[in-house]
Every structure is written in C-alpha cells, then in structure tokens.
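Encoded as structure tokens, the structure appears first; notes follow it.
For the numbers below, each heavy atom of this structure counts, side chains included, while hydrogens, waters and symmetry mates do not. Throughout, protein chains are lettered first and strands after them, A, B, ... in sequence-line order, and every chain is numbered starting at 1. Just so it is clear, the model here is predicted, and its values are computed rather than measured.
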Number of protein chains: 2
Amino acid sequence: MADVAARAGVSLKTVSRVVNNAPHVQPELVERVLAAVAELGFRRNPQASSLRSGQPSATIGLLIEEIANPFYATIAGVVAEIARQNDTMLIIASSEEDPDREQQLLREMCTRRVDGLLVVPAGDDHAFLRAEIELGTPMVFLDRPAGGLIADTVLLDNRGGARDGMRRLLEAGHRRIGILLDSLGVYTMRERLDGAQDALAPAGVPYDTRLVRDGIRGPSAAARVVSEMLDRPDAPTAFFSLNNRITLGVIEELHRRGSDAALLGFDDFDMAGLVPYPLTVIAYDTRELARAAAELLFRRIEGDRSWPRTVVLPTELVARGLAPR
Amino acid sequence: MADVAARAGVSLKTVSRVVNNAPHVQPELVERVLAAVAELGFRRNPQASSLRSGQPSATIGLLIEEIANPFYATIAGVVAEIARQNDTMLIIASSEEDPDREQQLLREMCTRRVDGLLVVPAGDDHAFLRAEIELGTPMVFLDRPAGGLIADTVLLDNRGGARDGMRRLLEAGHRRIGILLDSLGVYTMRERLDGAQDALAPAGVPYDTRLVRDGIRGPSAAARVVSEMLDRPDAPTAFFSLNNRITLGVIEELHRRGSDAALLGFDDFDMAGLVPYPLTVIAYDTRELARAAAELLFRRIEGDRSWPRTVVLPTELVARGLAPR
DNA sequence: GTGAAAGCGCTAACAC
DNA sequence: GTGTTAGCGCTTTCAC
C-alpha cells in the first residue's frame, strides 16, 4: 500500500480511502491511485484491515455430521445460499458423529473468530461453548438440541410425527407393528421412539419390546431384521421404520419375499416414484429447518440479544398408500 | 496478551512462546502463564499472528455448482476429510452455474488469502485467475477444464465412457439409438455426445440428428421427450441417457408405458437396486475424482512447483442388463 | 532462557 | 479533501 501511495504521489490514507470506496476523494486522485493499484497488482489485505478496525470476519461456520449425506447436503446448500445473501463466507466441517472431533472443530472455528456458528450437535455436552457464547459469538443448534446449554435451537417435531405415523398404522387395523430404528444414542431416534410409544396406549395396544429393534445401521441390516421378524410365528403385520435408510432395506426385503406387510417410514424419499409400491411417510421440510436456523443466526449476528428461543417445525404425514391388516 | 503478561509477571514474548508451545521456557513460567491465560479467558488471535509471521491461512476454498446435488456433496465430503487431515479449514461456495457469480466468489476467496483453490468451473473464461496463480495461489480444476488457463486439472473420461456405452448398445443390435442430453453449453455433455458419436462410424451406423435431443433439464422433460420419440413411426429401439437425472425420467416413462426399449445411462445410481429392472450404466468414482484433486492441491501447497498436469480418470461400464433389439 | 523494540498491513482519530 | 500519527495483536530480531 505504501508503494501504491508513493507511485500515485499521495498518502497512505488516500489509498486506503480509494480502495475502500470512501467518499470525498478528488476524482483525479482516485484515478491516479487506481492506476497505481493496477500497475503494482496491489490487493488489499482484509486480515490486516479487520485487525485494526475490529470488524467482523464476515464468515460463519457450519458443523454437520457428514457432508455427503443428502440431509446435511440439503442443509449446507440452504445455509450457503443465505450466507451469500448476507455477503458472508461459509466454513463447513463434518463431525462424523464424533464428540471429540466436534469439540476440536468448533474450537478451531471460534479461534478463527467466525461471526456465528450453526451446529448439528454430535456429542451431548456443549458446556465448553458457554464461554464462547458469553464472549459474544452467536450460535444456533439445529436438528438436535445442545447439551447442557441454553441456546437458540431449531428442531423437527420428531415425537409428534412418529405419533402420527403410529396412529395411522393403528387406524389401518394393525396391532403387531415392528418398530425399527438406528442407535438410541441419537436424539432423533429417542424422540421418534417415544412418539411411536405415545400412540399405543390410547389405542389400547400394549407395548411389546420384542417388536422394537434398535441399532439398525443401514439398509442391509434392516433387511436382515425384517426377514428375521417375519419368520417368527407372531410376525408383525406392519413395520414402522424410523429413518429412510432403514425404510430402504425394509422395502427391499418385503419386495423380495412378496410380503404384504404394511410399511410406514419416517423421512421422505427423493425417489419415492421408483419404489415398487406407494409408500406413506412422515415428511418434513429440511430446507425450512436450515432456513429457520440460518435466518435466526443472522438476526443474532445483526445484534438481536433477546432470550434464546427454540423453534419446533411440524412434520407431515404424506399418505401415498398403506396395506391394511 | 499484554494483560496475561502483566498478570503472570513475564514479558509479552514469554506469553507468546508459551501460547505457541515453543521450547526453552522454564516450566514454572509456563505454569504461571497458563494460569493467567485461563483466568483471563485469553485466546490467541491467529489473524494477527499470521499478519506478522506471514504464515498461510490454513484455509482452502472449494467452488462447486450446487452443494445439495449428490455429486457435488460427495466431492465436498471427500475434500472436507482431506482438508481435515491437513489441519486446514474448508470454505465452500456454490456458483449455481453462473459465471459472474463464480468470478465474484473466487475473487473473494483469493482476497481472503486462501492457501489454495479447488474449482469446478462454471464459466468458460478463467483468465482473471492468471494473476492470482502467478502470485502463488495453487489451484486445481476438477470435472471440467478451466478456460484460457494452463492449470492443474482432474477430469473424468467422459468421451471414452460414452463411446463404451454406445458401443455396448450397438453390440446388442440396436441401430436406432436415441441420445438424450442436457445443455450442450456444459463441457461434460459435449464430451459425452462426442464420445457417443465416436462409436457410430466404426459400426457403420450413420449419425442421425433426429435421434439426438439436447437441452433436457430434468426427469420430467426427459419423460416427455421419450414419449414423443416413441410415438414416431421410426421410434428408437434404445436410449442412451447422458446423465442420471435424464435416466430417471426415461425409466419412469418406459415403465409407465411398458416399453421394451433398451436403456443405458451415464452416471451410476445410488438406488439402482430399486429400479424396476437391471440397468446398465457408465459409472465412475466421484470420490476418487475429489481425492485426486485435493491431494494434488495439497502437494502444490506444500511447494510442488512442477509443470501443471491433467489427470483423466477412467469410467467403467457396469453391465446389469440390457434389452436386446 | 528472557525481554525490549520494531513492524506485519491496514485504519481510527485528529490535525491541517 | 488530504495527510500524519498511533496502534490493532501478534511475532520477529537481537540484545541481554
């Protein structure tokens, strides 16, 4: 910058003004400075600038479980777009469901002085972020609540959705309903299981633990569990799958053996049109989840200091068809 | 930092040394400094640090078309992982296929002094990056070549793959093969179309422009085109779809009308198992594409100044079944 | 082994 | 309108 000033025959400050489009500079000087900038290939260093002026970094951080997963990719896409609308850069990192890694990545983002943080929690203790929040870094948690922290949160109505789904299966006359879920260590799975149970008592159906199978990690595991359950003498007449990877495996197994058991799934399908038969699901608006969280974060960054709020977004039962008992 | 020094009764420099884990500091002083750091909630400011020391920012930028698209989400996931292995943060932005936006985002990333750039080109002129490259910012282009720039590039063998696919259809006895593609403005589409044509002449089949339909934006448009082509008197006996969104539409339409026309698609399917019949595709390793590009970028960042190279990754014909003529 | 002083690139504050 | 000075938070250099 000093070189530019010398070449243009002006002071440092004038160069600074021109480079920052500040008003009240003689057009002639502006031209001279711009010419010098071009000749010398000068580029302003925003790091030094924000160091002195104390301006925010115009960067936010997004921590998700796994970028390649379509659910998180959708979230990342929406957040990226809203960040761009706010002239903000976006740093994305994956925790891979590892609490230690989550903590390390969040600390690193804070160290880099991001203006705000969007977090899908992996661990269940986020107390280490309290100091950061008090220091003034806004944070919004989405899809799952933070552990040990009162903070802005945007969630889906997992429990209500699962209750609705179970109710539908009961209305169709089913009494023996297999409930398939991933690890109970995951918040959303616990909520969905609770919701499914909520619907049983009002219908006068006892809760039978033999019909609940957790720890199902993927489609093939789901297919095996379904196969096994259907081979039992008191086989379920319907299945409630608590996420779409499990649903996929159930479809394949039911289709493979030509079973007429009913199936209802949590999470919608992109390719629902290709499924061998109409599938009723509990759907929700992933984009709206991300939008609500990102908008809330930017309101905080703009200075909104009101009490932390928790937003719960509705789910919707999309009835495409369901085998009766 | 000055406060910490005062509280610990040492100099600024000693605090600096402790904070940076520099050797040759008395354990006693280390403890005093650490205590002061904890009490005052001090956090080192890496911006100021790198300003003085001129160290790299430990950040790379990734520019893709659209984060939510599974192809780019897969790339982003691999790049994020390799960035993490190199203790580097990742900034992701979407060009949405808009050259102006691409230029704006790349400029912004350069301004922020990223250590390197991974770019899926949207526009066809990247000469504006030449100054940046000469200034020492490494860049690797992937999936499509940069325009007007000699630079590191990692591509897929689109042309060879399409040639293989077309050859397979010809071997199955088809002579009237409908070729369906998205906009010819996209590099990969042009390459794939060229490859498809490459296979015709050796088989003695003339190139019939009425069998080629471009500008197909999505599944429903593809379904309409297929419907229309099948209604003609000289209907194709086979279709070659040049991307998977088009393939999806073709499947739906063929399935809807119970047509026995053959179909071969470029791009593999996640849910190939759910498609109503076995589908032969030209597949490739998206993760390997991203891995090769990211590894090359980090080698450049580490100082590799050898001549720019272009890597072309092979495609593979995955034969799952194909209707004969 | 530790400290004092200079300076990274830029901008706030104020003088002219 | 423009220039001068000081200083953002840290690290470098070099003296002790």
Side-chain angles (χ1 to χ4, degrees), chain A residues 1-59 108 110-115 132 135-137, chain B residues 1-59 108 110-115 132 135-137:
Chain A
M1 195 149 134
D3 297 343
V4 173
R7 178 140 191 152
V10 298
S11 76
L12 267 180
K13 183 64 212 177
T14 301
V15 177
S16 171
R17 282 200 252 265
V18 171
V19 168
N20 291 287
N21 296 315
H24 310 307
V25 184
Q26 282 192 7
E28 188 195 318
L29 291 188
V30 174
E31 285 212 11
R32 282 204 340 243
V33 170
L34 256 28
V37 164
E39 284 165 36
L40 272 51
F42 167 83
R43 294 180 314 148
R44 176 171 165 282
N45 182 336
Q47 310 237 67
S49 165
S50 76
L51 175 59
R52 176 65 239 236
S53 63
Q55 283 157 10
S57 60
T59 306
E108 176 64 24
C110 290
T111 294
R112 295 193 177 219
R113 304 288 205 274
V114 292
D115 297 343
E132 199 61 42
L135 236 122
T137 307
Chain B
M1 195 149 134
D3 296 343
V4 173
R7 178 142 191 148
V10 298
S11 76
L12 267 179
K13 179 63 214 177
T14 300
V15 177
S16 172
R17 281 200 253 266
V18 172
V19 168
N20 291 288
N21 297 315
H24 310 306
V25 184
Q26 283 192 7
E28 188 195 318
L29 291 189
V30 174
E31 285 213 10
R32 278 198 348 237
V33 171
L34 256 29
V37 164
E39 284 164 34
L40 271 50
F42 167 83
R43 294 178 316 148
R44 177 170 163 282
N45 183 337
Q47 310 237 63
S49 165
S50 75
L51 175 60
R52 175 66 239 236
S53 61
Q55 283 158 8
S57 60
T59 306
E108 177 64 25
C110 290
T111 294
R112 295 191 178 222
R113 305 288 206 274
V114 292
D115 297 344
E132 199 60 43
L135 239 123
T137 307

**Report entry** Protein-nucleotide distance (L12(A), atom CG; dC10(C), atom P), rounded to Å
**Finding:** 9 Å
Query raised in the report: Among dC10(C), dA13(C), dG3(C), which nucleotide sits nearest the side chain of K13(A)?
Result: dA13(C)
Query raised in the report: Which pair of heavy atoms, one from T14(B) and one from V25(B), lies closest together, and at what distance?
Result: CG2-CG1, 4.2 Å
**Report entry** Rounded interatomic separation in angstrom, taking CZ from R113(B) and P from dC10(C)
**Finding:** 7 Å
Query raised in the report: Which residue, P46(A) or T14(B), contacts DNA chain C at a nucleotide closer to its 5' end, judged by nearest heavy atom?
Result: T14(B)
Query - Atom-pair distance (CG on N45(A); C1' on dG7(C)), nearest Å - result: 14 Å
Query - Rounded interatomic separation in angstrom, taking CD from Q47(A) and C1' from dC10(C) - result: 12 Å
**Report entry** Residue-phosphate contact under 4.0 Å: S11(B) side-chain N/O, dT2(C) OP1/OP2
**Finding:** no
Query raised in the report: When only distance counts, do a donor and an acceptor, one from the side chain of R17(B) and one from the base of dG3(C), lie under 3.5 Å apart?
Result: yes
Query raised in the report: Any luck finding a side-chain donor-acceptor pair between R112(B) and T59(A) under 3.5 Å?
Result: yes
Requested in this report: Check the distance between dC8(C)'s C1' and D3(A)'s CG and give it to me in whole angstrom.
Outcome: 14 Å
Requested in this report: Indicate yes or no: at least one non-hydrogen side-chain atom of S16(B) is less than 4.5 angstrom from one of L12(B).
Outcome: no
Query - Side chain to side chain, V18(B) and L29(B), heavy atoms closer than 4.5 Å - result: no
Report task. Could you check if a side-chain atom of H24(A) sits within less than 4.5 angstrom of a side-chain atom of R17(A), using non-hydrogen atoms only? Result -> no
Query raised in the report: Given that V25(B) and F42(A) both sit by DNA chain C, which one's nearest nucleotide is further toward the 5' end?
Result: V25(B)
Requested in this report: Taking only the side-chain heavy atoms of S16(A) (C-beta and beyond), determine which of dG7(C), dT11(C), dG9(C) contains the nearest atom.
Outcome: dT11(C)
Query raised in the report: Are L135(B) and R43(A) side-chain neighbours, meaning at least one heavy-atom pair lies under 4.5 Å?
Result: yes
Requested in this report: Tell me what V10(B) touches on the nucleic acid: a base, only sugar-phosphate, or nothing, going by heavy atoms under 4.0 Å.
Outcome: sugar-phosphate
Requested in this report: Please determine, by modelled atom types, if S49(A) and R44(A) share a side-chain donor-acceptor pair under 3.5 angstrom.
Outcome: yes
Query - Side-chain N or O of Q26(B) closer than 4.0 Å to phosphate OP1/OP2 of dT2(C) - result: yes
Requested in this report: With a 4.0 angstrom cut-off to heavy atoms of chain B, pull out the first and last contacting nucleotide of DNA chain D, in 5'-to-3' order.
Outcome: dG9(D) to dT12(D)
